[in-house]
Each structure stands twice: as structure tokens, then as C-alpha cells.
Amino acid sequence: MELLRNAVRPYAWGSRTTIPELLGRPVPAPHPEAELWMGAHPGDPSRIEGPDGIERSLLDLVEADPVGQLGEQCAERWGGRLPFLLKILAAEEPLSMQAHPSAEQAAEGHAREEQAGIPRDAPNRNYPDPTAKPELVCALTEFHALAGFREPNRTVALLKAIETPGLARFTVLLEEQPDSDGLRALFTTWITLPQASLDELLPEVLEACVQHVRDHGEFAAECRTILELGEAHPRDAGVLCALLLNRLTLRAGEAIYLPAGNLHLYLHGTAVEILANSDNILRCGLTPKHVDVPELLRVVDFGCGEMPVQDGTPDGRLAVYHTDAPEFELSRIEWAADERDELLVHCTGPQILLCTAGALRVIADDGEQVELGRGQSVWLPASDPAVRLKPLGDTPIQVFRATAGTCS
């Protein structure tokens with residue numbers, strides 16, 4: 001049981017205040033700080049100071065003793081690798097639009113690119129590893145996102161509300177086939193539009209969105225998002241594709257699960273994110289990075305409808321965010337200011353506990369203990385299967401618990 005020292009990823013879309021404030025550092029930071037990583041990802045593993053005072057990466061610790069750290073079941077299931085990565089995500093600006101492959105697609109794509117001799121760090125590499133990358137994002141603040149294809153008839157209503165001469169023929173395309181096949185046809189048409197055609201259509205659409213917002217139209221929130229994306233990426237087909245996705249506003253504690261093939265885009269806000277320990281991303285647009293349209297079309301799921309939003313299923317003091325992802329499970333644990341009962345947490349596999357409010361003491365069966373304050377996280381190996389969580393102070397406490405889905 002050890003406190004983690006975690007890596008901060010300084011992507012341009014990040015916030016200069018959220019992560020520094022969470023970690024108790026000076027605000028604002030000199031540069032945007034987008035993600036705080038907790039886990040054993042090879043690119044930026046967490047670090048642990050051992051009893052000898054020597055700091056080691058969690059990746060090295062797991063590789064040296066996979067059964068002791070992960071447990072026999074988890075080590076066997078995931079080849080001695082920690083299958084999940086836990087993050088704090090602080091989005092000040094929109095990220096790229098993207099989807100992730102299934103396990104089968106990732107394995108096939110990785111083998112294909114290995115055979116082709118594409119370096120794993122090449123900018124045109126789609127599958128640097130052979131694993132799936134499902135993810136779940138849980139809001140800490142109001143969190144805005146686009147995720148999953150909207151029900152087609154609602155999208156037709158949106159397109160008609162902002163219809164322009166250039167947009168009309170595309171509206172008809174979906175109106176005549178308001179289903180997943182119609183969405184695939186329209187999406188494919190837009191993502192492959194010649195740049196000259198895109199340069200004619202996009203200004204029309206953006207101007208119509210401006211007018212719709214001024215008129216306080218039914219789809220004003222969606223139009224504001226399109227205008228924001230259009231300002232940042234004025235010649236990008238991803239702006240049009242964003243018209244097809246559900247526009248979501250999550251309240252603190254609400255979460256969405258993004259399985260393989262789900263097209264999504266995080267817009268703004270702070271969240272806890274848990275995902276499979278993979279780097280496989282197929283980008284759709286709104287980014288200067290590589291966009292492989294044929295491969296994207298192989299991966300994207302054109303199923304449509306409202307995105308399910310969950311706030312966690314109660315399980316005692318825990319609220320558990322259930323998914324079908326075998327790589328991870330996320331739970332939220334909370335105490336009100338006047339609640340100070342201890343909680344026993346048991347797991348046959350590895351756990352990471354992240355404190356996002358208040359403070360608590362984590363106590364192992366052998367009496368070892370660590371104090372966990374806001375912004376801190378602790379690694380609990382499988383060799384510490386049961387710990388007690390003892391609330392401290394007189395303020396509300398919130399803790400997130402990450403485990404492997406097959407070992408919880």
C-alpha cells in the first residue's frame with residue numbers, strides 16, 4: 001500500500017487551474033495541464049517510493065511481481081499487465097473527435113500494421129497495441145460532451161432548423177433513410193467531402209447556426225457547440241459530423257460509458273476517467289493529427305439513440321458504475337460532513353483509490369496505514385485484499401475506487 005506520484009500530461013486543450021488546484025500547487029500553472037495519469041501505462045507510469053527510499057515506477061513493480069501486485073486471476077487474464085488507467089481529465093477546450101476499436105479490431109489492426117513495418121510511434125499508426133480501449137467518464141464538475149449518434153429523426157429536425165441551400169440535399173439523404181444505414185451514408189459523405197465543397201458548405205452552416213442561436217431556437221445548445229468547433233477548426237469536416245452526435249451535459253457524479261466504436265468528443269469540464277490501458281485511437285477530425293478515414297469507417301458504430309447516463313448503482317456506501325468492460329470498474333464513495341463510519345473495502349485484484357474531496361486514512365489488515373488527502377491516490381496491490389477507510393476531519397469526503405472489472 002503506497003501513495004502514488006502521478007504524471008501530468010500538458011496537452012494544449014487542458015486547464016491551467018484545475019489540476020494545479022487539485023494538487024495544491026500554485027495557480028495558474030505556466031502551461032495547460034490536461035490529464036493526471038494514475039496507473040502503469042508505459043508512456044507515463046505512476047511512481048512509488050519504496051521502504052528503502054528508492055523511487056520505482058508502478059510499471060516496474062507490476063512487471064517484477066505480477067501475481068503479488070495484480071493477483072493470480074488478473075495477472076493471468078491480462079498477461080501480467082495492469083489492464084486499466086485512471087485519470088483526472090481537465091478540458092478547457094474541445095478534444096479531437098474519436099472512436100476506439102474493439103478487442104478483435106485492435107488485434108487485427110495491430111498485427112496488420114506490425115506486418116507492414118509501421119513504427120509504433122509513427123504519426124500514421126492507428127494501432128500501437130493489440131488491445132481494446134473502452135472508457136468511462138464521470139463528471140466532477142458540469143461536464144460537456146458529444147457522444148453517440150443522435151436518433152436520426154431528431155437530427156433531421158436539427159438540420160431543417162438550420163437548413164441552407166447547400167445543406168438541403170444532405171437533410172433529404174437522412175430524412176429518406178432515418179436509421180443507422182442513413183447515418184453511415186451521411187457521415188461517410190461528409191467525412192469524404194472534397195475540401196472545395198467543404199469550404200462552401202461550412203460557412204453556410206455556421207451562419208445558419210448563428211441565426212438559430214439569436215432566435216433562441218430549439219437546438220441553440222447544439223448550434224453553440226458547432227460554432228465553437230467551427231471557430232477552432234474552420235475547414236474541418238468534423239464540424240459537420242458533430243451535427244450528428246448527442247449533445248450531453250453531465251452533472252457531478254453522472255457518467256457515460258463509451259464502448260468500442262462510440263464516436264465522441266469531450267468539450268469542457270473536469271472528470272474522472274477510467275479506460276483500458278491502450279493507446280488505440282481512430283480520429284475523425286478537429287485535430288492536426290492523423291485521420292485515417294477508411295479505418296475510421298471500419299471501427300465506428302452507427303447505432304443511434306440517446307446516450308445512457310448513469311449516476312452509479314448503490315452498493316452500500318459505494319456507487320458502482322457498471323459496464324461490460326472486463327478491463328475496469330469504477331466506484332464512487334462519499335461521506336457527508338456528519339458521517340464518519342469506517343468502510344471495509346475488499347478486492348481480489350489491484351485497486352487505486354483517488355481522493356477528490358476531504359481526507360481519510362487507509363488502513364491495511366497488518367496495521368499499515370496512509371493518509372489520503374484531496375488530489376492524492378494510493379496503490380493497493382492484490383496482496384492487500386482488504387483495507388479500512390477511516391474518514392478524517394469535518395468536511396464532505398469523496399473517493400473514487402478503480403479496479404479491474406474481472407477481479408473486483
Side-chain angles (χ1 to χ4, degrees), residues 1 4 6 35-41 46 58 62 66-67 69-89 100 102-103 131-140 143 147 250 252-260 262 264 271-278 307-334 343-356 360 362 372 377-389 398-408:
M1 179 172 64
L4 296 174
N6 303 306
E35 296 180 347
L36 181 70
W37 284 18
M38 289 153 278
H41 189 286
S46 299
L58 182 57
V62 169
V67 173
Q69 295 296 319
L70 304 179
E72 185 174 355
Q73 178 187 358
C74 188
E76 181 178 353
R77 172 69 176 82
W78 301 108
R81 183 175 57 90
L82 181 66
F84 64 84
L85 177 65
L86 186 65
K87 297 181 182 181
I88 294 286
L89 188 150
H100 306 297
S102 67
T131 54
K133 193 185 178 185
E135 55 192 49
L136 178 139
V137 63
C138 178
L140 286 176
F143 190 82
L250 303 180
E254 292 184 332
I256 52 173
Y257 171 53
L258 305 161
N262 182 283
H264 59 276
V272 171
E273 184 183 26
I274 190 167
L275 61 155
N277 197 358
S278 168
M307 272 293 292
V309 175
Q310 54 172 309
D311 54 11
T313 302
D315 182 9
R317 185 167 288 284
L318 279 69
V320 182
Y321 298 93
H322 292 294
T323 75
D324 62 2
E327 295 89 350
F328 60 75
E329 182 176 276
L330 184 71
S331 304
R332 190 183 79 250
I333 311 169
E334 294 179 332
L343 176 67
L344 178 67
V345 174
H346 186 273
C347 183
T348 61
Q351 304 178 75
I352 293 176
L353 300 179
L354 164 67
C355 180
T356 51
L360 68 153
V362 184
L372 201 61
S377 56
V378 64
W379 168 252
L380 302 176
S383 54
D384 282 331
V387 295
R388 288 181 293 124
L389 307 185
Q398 183 182 70
V399 178
F400 285 87
R401 172 183 181 244
T403 69
T406 53
C407 313
S408 58

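In this text, all values refer to a predicted model and were calculated from it rather than measured experimentally.
- Note that CG of Leu70 and OG1 of Thr348 are 11.0 Å apart. Values are rounded to the nearest 0.5 Å.
- Asp315 contributes no side-chain N or O that, together with a main-chain N or O of Val320, makes up a donor-acceptor pair within less than 3.5 Å.
- A heavy-atom distance below 4.5 Å is found between the side chains of Leu389 and Val362.
- The aromatic rings of Phe328 and Tyr257 sit perpendicular, their planes meeting at an angle over 60°, well past the 30° parallel limit.
- Looking at every heavy atom in both residues, Pro308 comes nearest to Ile256 through O-CG2, 3.6 Å.
- The closest donor-acceptor contact from the side chain of Arg332 to the backbone of Asp311 lies under 3.5 Å.
- A distance of 5.0 Å separates CG of Leu380 from CD of Gln351, quoted to the nearest 0.5 Å.
- Distance check, rounded to the nearest 0.5 Å: CG of Leu275 to CG of Leu258 gives 10.0 Å.
- At least one donor-acceptor pair closer than 3.5 Å links the side chain of Ser46 to the backbone N or O of Gly39.
- Residues Ile333 and Arg401 come closest through the heavy atom pair CD1-CB, 4.4 Å.
- A heavy-atom distance below 4.5 Å is not found between the side chains of Leu4 and Leu354.
- Here the closest heavy-atom approach between residue Gln69 and residue Val62 is recorded as CG-CA, 4.1 Å.
- No donor-acceptor pair closer than 3.5 Å links the side chain of Ser102 to the backbone N or O of Ala260.
- Taken from CG in Leu372 to OG1 in Thr356, the straight-line distance is 10.0 Å, to the nearest 0.5 Å.
- At distances below 3.5 Å, not a single donor-acceptor pair connects side-chain atoms of Glu273 with backbone N or O atoms of Glu135.
- The shortest non-hydrogen separation linking Phe400 to Cys138 is CE2-SG, 3.8 Å.
- Remark: side-chain polar atoms of Arg81 are paired, donor with acceptor, to backbone N or O of Asn277 under 3.5 angstrom.
- The shortest side-chain heavy-atom distance between Glu35 and Leu85 does not fall under the 4.5 Å cut-off.
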- Under the side chain to side chain contact (heavy atoms under 4.5 Å, CB included) criterion, do Tyr321 and Ile274 qualify, and how do the steps go? CA-CA 11 Å; Tyr321 298 93; Ile274 190 167; over 6 Å; no
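- The distance from atom CG of Leu330 to atom OG1 of Thr323, rounded to the nearest 0.5 Å, is 9.5 Å.
- In this structure, Pro350 and Leu82 approach most closely via the heavy-atom pair CG-CD1, 3.7 Å.
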- Query: What's the verdict on side chain to side chain contact (heavy atoms under 4.5 Å, CB included) for Ile88 and Val272, showing C-alpha distance, side-chain angles and the deciding distance?
  - Reply: CA-CA 5 Å; Ile88 294 286; Val272 171; 3.8 Å; yes
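- Smallest separation of non-hydrogen atoms from Ser278 and Ala132: CB-O, 3.3 Å.
- At least one side-chain heavy atom of Trp78 sits under 4.5 Å from a side-chain heavy atom of Glu327.
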